[in-house]
Amino acid sequence: AQSVTQPDIHITVSEGASLELRCNYSYGATPYLFWYVQSPGQGLQLLLKYFSGDTLVQGIKGFEAEFKRSQSSFNLRKPSVHWSDAAEYFCAVGPLGGYQKVTFGTGTKLQVIP
Amino acid sequence: KAGVTQTPRYLIKTRGQQVTLSCSPISGHRSVSWYQQTPGQGLQFLFEYFSETQRNKGNFPGRFSGRQFSNSRSEMNVSTLELGDSALYLCASSDRTGAGELFFGEGSRLTVL
């Protein structure tokens with residue numbers, strides 16, 4: 001069965017500092033991988049996705065993520081965090097087609113301090 | 001293009017009642033998925049519909065049901081509400097079933113008293 005682990009429940013960074021959010025997945029084949037962001041009281045917005053090809057993917061709002069097959073990881077990074085990045089971030093994994101659901105991690109809540 | 005619309009945004013019910021939530025997907029999207037989000041359990045998959053057919057179902061009791069109409073709009077129903085059903089219910093649409101990119105609505109916040 002597919003699963004996603006986000007080991008950090010809560011992270012605090014200073015504005016302007018770099019950010020890395022960790023995500024590990026378990027899946028039998030090359031998965032589809034996603035990062036979503038959720039602001040308080042809102043739905044989820046897609047930041048970026050990996051389907052195939054270049055393992056470093058660029059997303060919106062200056063985020064990027066790197067797929068590392070050998071480590072089963074898909075960590076999210078941003079070189080300089082802005083106060084508006086404070087939100088909850090979810091990593092998700094889905095299958096290569098077929099009628100299966102997308103599985104989400106438990107989320108990492110990001111706090112940005114001035 | 002309009003996004004995913006969920007109604008109502010907020011509702012309060014009492015134990016034993018039932019509730020129906022509605023989701024209008026992005027125009028042209030035929031896949032609609034439902035998720036329950038709670039602080040303790042995170043995002044839990046409820047079910048997915050594609051072209052009016054339920055394609056996938058999560059581990060929820062039979063009190064949770066859904067349907068999809070020919071215009072791709074979807075409803076989910078929870079009968080005999082329990083306190084533990086209090087949650088944010090999120091609907092997501094996609095242009096294909098399975099692992100397509102999901103576009104989420106803002107959710108329906110259900111409180112059961």
Side-chain angles (χ1 to χ4, degrees), chain A residues 1-10 21 23 25 27-52 57-60 63 65 67 74 87-109, chain B residues 2-7 9-10 21 23-26 29-51 53-60 66 87-111:
Chain A
Q2 60 198 48
S3 66
V4 179
T5 301
Q6 293 181 250
D8 303 306
I9 297 172
H10 191 272
L21 302 182
C23 172
Y25 68 90
Y27 189 70
T30 301
Y32 288 172
L33 293 160
F34 310 86
W35 275 99
Y36 287 85
V37 60
Q38 184 180 34
S39 298
Q42 302 296 313
L44 278 71
Q45 180 185 21
L46 181 72
L47 284 175
L48 48 78
K49 61 190 176 189
Y50 171 78
F51 286 174
S52 65
V57 293
Q58 302 296 322
I60 61 171
F63 286 92
F67 169 60
F74 189 57
E88 191 157 19
Y89 293 80
F90 294 90
C91 182
V93 61
L96 259 170
Y99 305 130
Q100 298 177 48
K101 60 182 171 62
V102 174
T103 300
F104 287 84
T106 50
T108 298
K109 193 163 288 187
Chain B
V4 177
T5 303
Q6 291 189 246
T7 57
R9 288 291 313 280
Y10 303 92
L21 308 178
C23 172
S24 293
I26 291 172
H29 286 190
R30 292 192 290 164
S31 171
V32 174
S33 302
W34 288 90
Y35 289 81
Q36 181 195 64
Q37 186 178 26
T38 58
Q41 299 296 317
L43 278 152
Q44 300 290 310
F45 173 79
L46 281 156
F47 25 66
E48 178 198 2
Y49 288 88
F50 184 83
S51 294
T53 301
Q54 186 180 89
R55 295 292 194 180
N56 296 285
K57 191 176 191 306
N59 284 334
F60 279 82
L88 180 67
Y89 290 88
L90 291 165
C91 166
S93 75
S94 175
D95 59 0
R96 51 181 161 149
T97 188
E101 175 182 339
L102 298 176
F103 294 84
F104 283 85
E106 294 184 313
S108 292
R109 171 76 62 185
L110 170 65
T111 301

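Excluded from the calculations below are hydrogen atoms, water molecules and symmetry mates; all remaining heavy atoms, backbone and side chain alike, are included. To find a chain, count down the sequence lines: A is the first, B the second, and so on, and within it residues start at 1. On a predicted model such as this, the values are computed, not experimentally measured, just so you know.
- Proximity to chain A (any heavy atom under 4.5 Å) is shown, for B:R109, by neither the backbone nor the side chain.
- For A:Q38, the part sitting under 4.5 Å from any heavy atom of chain B is the side chain, from C-beta outward, and nothing else.
- Between B:F104 and A:F90, the distance separating the two ring centers is not shorter than 6.0 angstrom.
- A tilted orientation is assigned to the rings of A:Y50 and A:F74, their planes being inclined by 30° to 60°.
- With sequence neighbours left out, B:W34 forms a side chain to side chain donor-acceptor pair (under 3.5 Å) with B:S74.
- When every heavy atom of A:Y36 is checked against every heavy atom of B:E101, the shortest pair comes out as OH-C, 4.1 Å.
- With a 4.5 Å cut-off on non-hydrogen atoms, B:Q37 touches chain A through its side chain but not through its backbone.
- Judged as a side chain to side chain donor-acceptor pair (under 3.5 Å), and not counting sequence neighbours, the contacts of B:Q54 are B:Y49.
- The candidate from A:Q45, A:Q42, A:E88, A:K49 with the greatest count of non-hydrogen atom pairs under 4.5 Å with chain B is A:Q42.
- Looking at A:L44, both its backbone and its side chain come within 4.5 Å of chain B, counting heavy atoms on both sides.
- Heavy atoms of B:F47 lying under 4.5 Å from chain A are absent altogether.
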